Amino acid sequence: METERPSPRYSAIDLWTPSDILDAMIEGQFAAVAAVHSARAALEAAALAIEDRLKQGGRLVYAGAGTSGRLAVQDGAELMPTFGWPPERLLLLMAGGHDALIQAVEGAEDESEEGARLVRQHRINRKDALIAVAASGTTPFTLACLREAKARGALTVGIANNPDTPLLGEADHPIRLETGAEPIAGSTRMKAGTAQRVALTMLSSLVMIRLGRVYEGLMVDVQATNRKLVRRSETILGQLTGHSREEVRSALRQAQGSVKLALLLLEGSGIDEARGALDRADGDLRAAKALIETRRTERRRA
């Protein structure tokens with residue numbers, strides 16, 4: 001298992017100067033990003049497959065244990081404030097539960113039956129997409145989640161840092177991140193963890209872009225849950241429409257904080273017309289604007 005193998009390259013790392021140690025670790029981070037770059041075709045294929053399931057109303061599910069699980073949970077949790085992903089369509093399956101997010105839970109990653117039970121409990125099915133992450137590619141809890149989800153018809157994506165492992169072999173979409181030996185043998189929070197973090201960010205962000213939750217490079221589904229995000233919503237609308245801060249704030253109040261709805265209001269739509277267009281376009285702002293423009297053109301011709 002490459003992620004566990006001691007490397008002669010780093011065998012005397014504890015004797016090196018601090019600057020040499022840092023250089024070695026930075027070198028490892030570059031190698032991690034290079035590993036993700038090599039997997040970009042697999043990431044694209046997985047994202048398109050996930051998009052298809054989510055367009056059918058399915059849920060996005062993350063599963064993992066230890067460092068890999070914490071990285072997976074972090075990626076999933078950030079989809080809600082960043083892209084407005086509904087919490088009821090997100091599942092985060094972490095070996096050891098909530099406690100394992102901040103401390104190691106002894107033996108949790110070996111609980112394969114618990115992984116399968118959670119998949120059954122949440123009734124994961126053919127509409128859903130599950131992303132399972134394990135540096136080793138063999139973690140019992142994570143592997144059980146993937147197997148049970150696949151047996152129930154869900155789309156499965158496996159992310160691992162070792163080749164020829166069960167997680168990759170059994171996933172519908174395997175994503176292999178070959179990061180090799182770590183500067184500290186077996187410490188997969190280093191190169192392997194960085195590669196997983198980058199891969200997860202790219203995968204989920206591509207899915208959200210494809211689902212219309214980004215418009216002109218801006219987070220138009222941002223959830224304004226604090227003052228900073230309220231200001232960001234106002235800035236986004238000002239940038240997109242050229243309206244004043246007061247006009248933007250008024251539209252946001254009318255739209256109950258929805259940037260997309262507020263933008264359509266600022267562009268002259270009524271509240272019902274704007275809501276209807278967004279509903280018909282499944283929340284895709286660009287498509288909603290096209291629908292409104294088509295209807296206006298038809299009215300002018302009539």
Side-chain angles (χ1 to χ4, degrees), residues 43-60 76-90 126-129 155 201-302:
L43 285 163
E44 179 181 350
L48 295 179
I50 293 171
E51 175 196 354
D52 183 61
R53 296 295 174 108
L54 298 186
K55 280 184 173 178
Q56 298 176 45
R59 294 169 293 178
L60 186 57
E78 289 177 354
L79 299 182
M80 292 179 285
T82 304
F83 299 109
W85 189 249
E88 65 274 13
R89 295 182 63 194
L90 178 69
R126 66 189 60 193
K127 286 186 178 180
D128 301 324
L155 177 82
T201 298
M202 290 174 59
L203 181 61
S204 60
S205 298
L206 178 54
V207 170
M208 293 297 127
I209 291 169
R210 294 281 301 176
L211 291 174
R213 292 176 179 268
V214 173
Y215 177 78
E216 294 194 7
L218 299 170
M219 301 188 305
V220 289
D221 264 309
V222 63
Q223 300 297 294
T225 54
N226 56 46
R227 290 179 182 176
K228 180 188 76 174
L229 295 179
V230 167
R231 289 195 298 272
R232 183 173 296 169
S233 298
E234 294 170 356
T235 300
I236 287 170
L237 283 168
Q239 183 175 333
L240 289 173
T241 67
H243 283 73
S244 69
R245 183 74 67 169
E246 284 307 311
E247 291 171 320
V248 161
R249 286 174 177 166
S250 175
L252 277 170
R253 282 194 295 270
Q254 192 178 354
Q256 297 182 314
S258 168
V259 171
K260 289 178 175 178
L261 189 55
L263 185 142
L264 295 178
L265 298 179
L266 288 165
E267 291 187 345
S269 293
I271 189 74
D272 291 335
E273 179 186 36
R275 282 199 179 113
L278 283 169
D279 286 344
R280 289 194 302 277
D282 293 325
D284 187 314
L285 179 57
R286 197 176 297 277
K289 291 180 67 171
L291 285 170
I292 291 170
E293 185 56 36
T294 297
R295 179 159 293 187
R296 287 175 180 171
T297 300
E298 289 171 351
R299 284 200 297 262
R300 285 195 296 267
R301 288 175 178 171

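Since the model is a prediction, treat every value here as computed from it, not as a measurement.
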Do [X] and [Y] have side chains that get closer than 4.5 Å, going by heavy atoms?
X: Lys260; Y: Asp221; value: yes
X: Thr235; Y: Arg245; value: yes
X: Arg89; Y: Leu54; value: yes
X: Val207; Y: Leu60; value: no
X: Val259; Y: Met219; value: no
X: Gln239; Y: Glu216; value: no

Note to self: Rounded to the nearest 0.5 Å, what separates atom NZ in Lys55 from atom CZ in Arg210?
What the structure shows: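 If we round to the nearest 0.5 Å, Lys55:NZ and Arg210:CZ are 6.0 Å apart.
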Check: In Å and rounded to the nearest 0.5 Å, what is the CZ to CG distance from Arg126 to Asp128?
Finding: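 The CG atom of Asp128 is 11.0 Å from CZ of Arg126, to the nearest 0.5 Å.
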Looking at every heavy atom in both [X] and [Y], which two are closest together, and how far apart are they?
X: Gln256; Y: Arg275; value: OE1-NH2, 4.1 Å
X: Arg53; Y: Ala129; value: CB-CB, 4.4 Å
X: Ala47; Y: Leu206; value: CB-CD2, 3.5 Å
X: Ala288; Y: Leu264; value: CB-CD1, 4.4 Å
X: Gln223; Y: Leu229; value: O-CD1, 3.2 Å
X: Trp85; Y: Arg213; value: CE3-NE, 3.6 Å

Could you give the side-chain donor-acceptor pairs of residues 247-255 under 3.5 Å, partners two or more places apart or in another chain?
residue : atom : partner : partner atom : Å
Glu247  : OE1  : Ser244  : N            : 2.9
Glu247  : OE1  : Ser244  : OG           : 3.2
Arg249  : NE   : Glu234  : OE1          : 3.4
Arg249  : NE   : Glu234  : OE2          : 3.1
Arg249  : NH1  : Glu246  : OE2          : 3.3

Check: For residues Arg300 and Thr297, is any side-chain donor paired with an opposing acceptor at under 3.5 Å?
Finding: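 On atom types as modelled, these side chains qualify, holding a pair under 3.5 Å.
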Note to self: Less than 3.5 Å apart, any donor N or O on the side chain of Ser269 or Arg295 sitting next to an acceptor on the other?
What the structure shows: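 No - no donor-acceptor pair under 3.5 Å links their side chains.
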Notebook entry, point to check: Is it true that Glu273 and Arg299 have a side-chain N and a carboxylate O under 4.0 angstrom from each other?
Noted result: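 A salt bridge links Glu273 with Arg299.
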Next item on the list: Give the intermediate values and the outcome of side-chain contact (heavy atoms from CB on, under 4.5 Å) for residues Val220 and Leu263.
Entry: CA-CA 9 Å; Val220 289; Leu263 185 142; 5.6 Å; no
Side chains of residues 278-287: which donor-acceptor pairs under 3.5 Å do they make with residues two or more places apart or in other chains?
residue : atom : partner : partner atom : Å
Arg280  : NH1  : Gly276  : O            : 3.4
Asp284  : OD1  : Arg286  : N            : 3.1
Asp284  : OD1  : Ala287  : N            : 3.1

